[in-house]
Number of protein chains: 2
Amino acid sequence: MKTLIREKRKERNMTQEELSEALKVSRQTIISLEKGKYKPSLVLAHKLAQIFECTIEDLFIFEGDENV
Amino acid sequence: MKTLIREKRKERNMTQEELSEALKVSRQTIISLEKGKYKPSLVLAHKLAQIFECTIEDLFIFEGDENV
DNA sequence: AATATATGTAAAGTACCCTTGACATGAATA
DNA sequence: TATTCATGTCAAGGGTACTTTACATATATT
């Protein structure tokens with residue numbers, strides 16, 4: 001699974017800290033998501049999509065046969 | 001968060017077991033999701049949306065201020 | 001040189017998604 | 001009555017999303 005979080009964040013000139021505050025998560029969480037260290041929860045994915053005014057499917061690119 | 005998993009499954013005349021096999025998860029997982037015992041991972045939400053030929057946002061109804 | 005800003009790593013703890021397995025219930029049908 | 005099918009509960013365990021805290025690095029500015 002790929003994510004466009006970093007690209008969308010930069011388009012809006014937001015820092016990781018600003019994004020983390022908007023989402024009410026830690027900055028560590030943003031770093032880890034952008035670097036692909038892990039996948040967000042469904043609710044966090046939804047909040048990210050809302051902030052970036054797109055759908056979850058626009059923000060995350062799913063590839064074949066991923067682990068559940 | 002609400003989900004339309006059960007409704008979409010029944011529209012297609014699938015049993016919980018058939019759905020669990022299509023998703024390669026346990027039947028327990030389907031039961032728990034339908035009953036709202038917990039929220040699916042992002043990947044599982046995506047697979048469900050694919051099976052039901054809709055978007056994640058069509059299948060899950062997000063309500064205000066949910067836990068991350 | 002020193003300070004500030006943005007990004008990064010590491011480690012340890014908590015909460016929860018998902019699993020397996022065993023057993024229970026209600027409705028249909030032989 | 002007995003069996004089958006679909007659905008459900010309960011409990012224990014593994015893996016991972018997310019947290020907090022502390023420290024590191026690169027760039028820019030004073």
Side-chain angles (χ1 to χ4, degrees):
Chain A
M1 194 191 80
K2 287 194 195 307
T3 177
L4 301 179
I5 294 173
R6 180 175 301 237
E7 289 80 349
K8 300 246 181 205
R9 174 174 64 81
K10 298 224 163 192
E11 278 173 14
R12 298 185 179 238
N13 293 311
M14 295 180 78
T15 65
Q16 292 177 336
E17 187 154 23
E18 287 167 345
L19 181 55
S20 75
E21 286 164 356
L23 292 163
K24 293 178 181 152
V25 297
S26 68
R27 188 170 62 87
Q28 259 317 308
T29 296
I30 305 301
I31 293 172
S32 299
L33 292 177
E34 289 190 352
K35 303 225 86 172
K37 291 198 77 173
Y38 55 68
K39 300 162 185 174
S41 70
L42 181 53
V43 171
L44 184 50
H46 173 70
K47 288 184 180 174
L48 280 159
Q50 275 198 317
I51 286 181
F52 295 137
E53 296 174 291
C54 65
T55 65
I56 292 176
E57 284 90 346
D58 286 335
L59 192 51
F60 300 96
I61 314 301
F62 298 93
E63 293 152 335
D65 66 312
E66 315 214 13
N67 291 340
V68 67
Chain B
M1 195 190 80
K2 287 193 194 311
T3 177
L4 301 179
I5 294 173
R6 179 175 302 235
E7 289 81 349
K8 301 245 182 207
R9 175 173 65 77
K10 297 223 161 189
E11 277 173 15
R12 299 187 177 236
N13 294 309
M14 294 180 78
T15 66
Q16 291 176 335
E17 187 154 23
E18 287 166 346
L19 181 56
S20 75
E21 286 165 355
L23 292 163
K24 291 177 181 152
V25 297
S26 68
R27 189 170 62 87
Q28 259 317 310
T29 296
I30 305 301
I31 293 172
S32 299
L33 292 178
E34 289 190 351
K35 304 227 86 176
K37 291 197 75 172
Y38 56 68
K39 299 161 186 175
S41 70
L42 181 54
V43 171
L44 183 50
H46 173 69
K47 287 183 179 174
L48 279 159
Q50 276 197 316
I51 286 180
F52 295 136
E53 297 174 291
C54 65
T55 65
I56 291 176
E57 284 91 346
D58 286 334
L59 191 52
F60 300 95
I61 314 300
F62 297 93
E63 293 151 336
D65 67 309
E66 314 214 16
N67 291 341
V68 68

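Just so it is clear: chains get the letters A, B, ... in the order the sequence lines come, proteins before strands, and each one is counted from 1.
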**Student:** When you measure from the side chain of A/E57 to the backbone of B/I56, do you find a donor-acceptor pair of N or O atoms at a distance under 3.5 Å?
**Tutor:** yes
**Student:** To the nearest Å, how far apart are B/L48 CG and C/dC18 C1'?
**Tutor:** 13 Å
**Student:** How many whole angstroms separate atom NZ of A/K35 from atom C1' of D/dT16?
**Tutor:** 20 Å
**Student:** Measure from CZ on A/R27 to C1' on C/dT5 and round the result to the nearest Å.
**Tutor:** 10 Å
**Student:** Would you check if the side chain of A/E17 reaches a backbone N or O of A/R27 as a donor-acceptor pair within less than 3.5 Å?
**Tutor:** no
**Student:** Give a yes/no answer on whether the side chain of B/R9 brings an N or O atom under 4.0 Å of OP1 or OP2 in D/dT7.
**Tutor:** yes
**Student:** In whole angstroms, how far is the C1' atom of D/dT19 from the NZ atom of A/K24?
**Tutor:** 17 Å
**Student:** I want to confirm an ordering. Mapping B/Y38 and B/Q28 to their closest nucleotides on DNA chain C, which one lands closer to the 5' end?
**Tutor:** B/Y38
**Student:** May I have the distance from A/L33 (atom CG) to D/dT16 (atom P), rounded to whole angstrom?
**Tutor:** 15 Å
**Student:** With a 3.5 Å cut-off and sequence neighbours excluded, list the donor-acceptor pairs that the side chains of residues 28-36 of chain A form with protein atoms.
**Tutor:**
residue	atom	partner	partner atom	Å
A/T29	OG1	A/S26	OG	3.0
A/S32	OG	A/Q28	O	3.0
A/E34	OE1	A/R6	NE	3.3
A/E34	OE1	A/R6	NH2	3.2
A/E34	OE1	A/R9	NH2	3.2
A/E34	OE1	A/Q16	NE2	3.2
A/E34	OE2	A/R9	NE	2.6
A/E34	OE2	A/R9	NH2	3.3

**Student:** Check this one for me: any side-chain N or O of A/S41 less than 4.0 Å away from OP1 or OP2 of D/dC18?
**Tutor:** yes
**Student:** Between the side chain of A/E18 and the main-chain N/O of A/T15, is any donor-acceptor distance below 3.5 Å?
**Tutor:** yes
**Student:** To the side chain of A/T29, which of C/dC18, C/dT7, D/dT19 is closest?
**Tutor:** D/dT19
**Student:** Taking the minimum atom-to-atom distance to the side chain of A/E34, which one of D/dT7, C/dG8, D/dG8 wins?
**Tutor:** C/dG8
**Student:** Rounded off to whole Å, could you give me the NZ-to-C1' distance for the A/K39 and D/dT16 pair?
**Tutor:** 11 Å
**Student:** In whole angstrom, what separates B/E21's CD from C/dC18's C1'?
**Tutor:** 17 Å
**Student:** To the nearest angstrom, how far is A/L44 atom CG from C/dA15 atom P?
**Tutor:** 18 Å
**Student:** Is any side-chain nitrogen or oxygen of A/S32 closer than 4.0 Å to OP1 or OP2 of D/dA17?
**Tutor:** no
**Student:** So which heavy atom on A/P40 is nearest to which on B/L42, and how close?
**Tutor:** O-CB, 3.6 Å
**Student:** If you look at every strand shown and take non-hydrogen atoms under 4.0 Å, does A/S26 touch a base, only sugar-phosphate, or nothing?
**Tutor:** base
